[in-house]
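Both backbone and side-chain heavy atoms feed into the values below; hydrogens, waters and symmetry mates do not. Residue numbers run from 1 in the order of the sequence given.
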Amino acid sequence: MDLAAFLLATAVAHVGFAIFVTAHAFLTDRDAGNWPYITLVLGLAGIAGYFFYDETAESGQS
């Protein structure tokens with residue numbers, strides 16, 4: 001695969017993932033926080049963080 005094509009496909013996918021995270025947060029009245037930006041950089045890892053990171057568990061709340 002051509003490097004330029006790979007980088008373009010990766011960039012397009014990450015932008016799409018970030019749009020998905022933003023839209024999901026908006027539709028579910030959930031705070032997206034920095035997850036769209038993290039998703040732009042890390043792709044699927046950012047989506048996983050958005051869905052599985054529980055801020056209340058970190059702060060000791062139940």
Side-chain angles (χ1 to χ4, degrees):
M1 176 180 247
D2 181 31
L3 179 61
F6 173 77
L7 292 176
L8 178 63
T10 301
V12 169
H14 286 213
V15 168
F17 294 154
I19 290 170
F20 172 77
V21 167
T22 304
H24 181 271
F26 176 77
L27 292 172
T28 59
D29 292 327
R30 182 174 174 178
D31 181 26
N34 290 327
W35 290 112
Y37 304 115
I38 295 168
T39 302
L40 275 175
V41 175
L42 301 176
L44 288 173
I47 290 176
Y50 168 75
F51 281 108
F52 297 115
Y53 177 75
D54 186 10
E55 191 173 300
T56 57
E58 294 292 318
S59 64
Q61 307 267 338
S62 25

Please list every donor-acceptor pair under 3.5 Å in which a side-chain atom of residues 12-19 meets a protein atom from a residue at least two apart or in another chain.
| residue | atom | partner | partner atom | Å |
| --- | --- | --- | --- | --- |
| H14 | ND1 | L40 | O | 3.0 |

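T39 and G46 make their closest contact through OG1-C, 3.4 Å (heavy atoms, listed as atom of the first residue, atom of the second, distance). Among all heavy-atom pairs drawn from Y53 and R30, the shortest one is O-NH2, 4.1 Å.
Considering CG of L27 and OG1 of T22, their distance stands at 10.5 Å, rounded to 0.5 Å.
The aromatic rings of F51 and H24 sit perpendicular to each other, their planes meeting at more than 60°, with 30° as the lower class boundary.
No side-chain donor-acceptor contact under 3.5 Å links Y50 to the backbone of I38.
Linking Ile, Leu, Val, Met, Phe, Trp and Tyr residues whenever their side-chain heavy atoms come within less than 4.5 Å leaves L3 and L8 in two separate clusters.
Residues forming a ring pair (Phe, Tyr, Trp, His ring centres under 6.0 Å) with Y37 (at least two apart in sequence, or on another chain): none.
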